[in-house]
**Q** 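Have a look at the structure that comes next, please.
Within every chain, numbering begins at 1; the chains are lettered A, B, ... in the order of the sequence lines, protein sequences first and strands thereafter.
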2 protein chains.
Amino acid sequence: MTSPTEAAEDVAWLSDAQLVEWKSLMALLMTLPPAIDAQLKRESGLNTFEYHVLVALSESPERWLPMSDLAVVAQGSLSRLSHAVGRLEQAGWVTRRACPGAGRRVKAHLTEAGMAKLEDAAPGHVREVQRLVVGRLTPEQLAALGEAARVIVDATEPRCTEHL
Amino acid sequence: MTSPTEAAEDVAWLSDAQLVEWKSLMALLMTLPPAIDAQLKRESGLNTFEYHVLVALSESPERWLPMSDLAVVAQGSLSRLSHAVGRLEQAGWVTRRACPGAGRRVKAHLTEAGMAKLEDAAPGHVREVQRLVVGRLTPEQLAALGEAARVIVDATEPRCTEHL
DNA sequence: CAGGTCGAGTTGAATGTTCAAGTCGCCCGG
DNA sequence: CCGGGCGACTTGAACATTCAACTCGACCTG
């Protein structure tokens, strides 16, 4: 990768400065998600995606969403969501019901137990977010990080940008 | 999560501004890695972690590293590395050899074929990094992103900060 | 030098994610 | 009203990662 004898001549390589920043970002992508995940799993038995599904449902007006919409908001494939909701349903935190008269649509509901679970899990999660991210950066740094993240997400998965 | 009737009173909640930035970062963590991974897998059949293992080996002076050191540089657990190197060895891109006279240490070598594979995979990967990240941000934005990433990584996994 | 223990690495089972079908309602053209 | 196609979801198999043993060599310590 840093080899001077690079095979493909027509590729715009990264400058040294760009390379450093990219490697820093890569390190962030490799280390932060596992750390967040570990805390949630340890203290609540939820993984990050399941947690976000519960959050998404809790934030919607009537505490339910069609699976397709939920997949977009929670930022995962429909398949991943289906498996995850299966687990959450097993645990009694979510229920599924067909939307009557609307094709094959299914809505996922957050149950009372699910809401309780979320309220139980949230404080520890927020504490960890504070400890690892929000509390480490100045407001300006955090704002710059968020702005850059939005730009990249918009390039990568425009559909997600709407829900920010 | 946004519920005003929050159960744990002693947790410092996030401000609205902090929440927006955190959600943007979260969206980045959920969307960018799959995008990077998809490109690598499509065009080279490697996943991100395997690619990083090859890069780490290619950047070390003699193109080999002990497994433990490799795990730190490539930023994964030893177990994950062992499985990954198993796959890379199957493909003929890496070989393993015991370090003689040094405990139970094992060094992983990058083969010629492995080097060729990496040189084949790198251009497409770099193009994608340009397309989704480096090319979207101003130099200042990129620098700010990198700096914030380093701060967070340092809080999360200090051992990784050395190799940036 | 016997026994303990620690660091390095491997292994296999359990879990989660992805990928490629497959199912099932609805709608639309004939 | 029938048949094909489409959108929404589910399912199961393949694959990767994690987690908890387990192996093995080196180094103490008595």
**Q** Should the pair B:Arg63-B:Glu112 be classified as a salt bridge under the 4.0 Å nitrogen-to-oxygen rule?
**A** yes
**Q** If you define the side chain from C-beta out and look only at heavy atoms, does anything of A:Cys99 sit under 4.5 Å from A:Val106?
**A** no
**Q** For C:dG7, take OP1 and OP2 only and decide whether either is under 4.0 Å from a side-chain N or O of B:Arg104.
**A** no
**Q** Report yes or no: is there a donor-acceptor pair, N or O only, under 3.5 Å between the side chain of A:His83 and the base of C:dT18?
**A** yes
**Q** Send over the distance from A:Gln39 CD to D:dT18 C1', rounded to a whole Å.
**A** 18 Å
**Q** Could you tell me how far apart B:Leu65 (CG) and C:dA8 (P) are, to the nearest whole angstrom?
**A** 14 Å
**Q** If you find the nucleotide of DNA chain D closest to A:Ser82 and the one closest to A:Pro34, which residue's nucleotide is nearer the 5' end?
**A** A:Ser82
**Q** Calculate the interatomic distance between B:Leu46 atom CG and D:dA16 atom C1'; express it in whole Å.
**A** 14 Å
**Q** Between A:Arg87 and C:dT15, is there a contact of a side-chain N or O with OP1 or OP2 at under 4.0 Å?
**A** no
**Q** Salt bridge or not for B:Arg127 and B:Glu43, using N-O below 4.0 Å?
**A** no
**Q** To the side chain of A:Asn47, which of D:dA16, C:dG16, D:dT10 is closest?
**A** C:dG16
**Q** When the distance from CG of B:Leu40 to P of D:dC15 is rounded to whole Å, what number comes out?
**A** 18 Å
**Q** In whole angstrom, give the distance that lies between atom CG of A:Leu78 and atom P of D:dT11.
**A** 12 Å
**Q** If the cut-off is 4.0 Å, is A:Arg42 near the phosphate of D:dT18, judged by side-chain N/O to OP1 or OP2?
**A** no
**Q** I'd like to check B:Thr95 versus B:Leu110 (side-chain heavy atoms, cut-off strictly below 4.5 Å). Are they in contact?
**A** no
**Q** If you check every side-chain atom of B:Lys41, which of C:dT17, D:dA16, D:dT17 has the closest atom?
**A** D:dA16
**Q** Is A:Phe49 close to A:Leu81 at the side-chain level, that is, under 4.5 Å between some pair of heavy atoms?
**A** yes
**Q** Would you mind reading off the distance between A:Leu81 atom CG and D:dT11 atom P, rounded to a whole angstrom?
**A** 13 Å
**Q** Once you round it to whole Å, what is the distance between P of C:dT10 and CZ of B:Arg80?
**A** 16 Å
**Q** What is the distance, to the nearest angstrom, from the CG atom on A:Leu70 to the P atom on D:dT10?
**A** 11 Å
**Q** What's the closest nucleotide to the B:Ser79 side chain, out of D:dT10, C:dT17, C:dG12?
**A** C:dG12
**Q** With nearest nucleotide decided by heavy atoms, which residue, A:Gly103 or A:Glu50, maps closer to the 5′ end of DNA chain C?
**A** A:Glu50
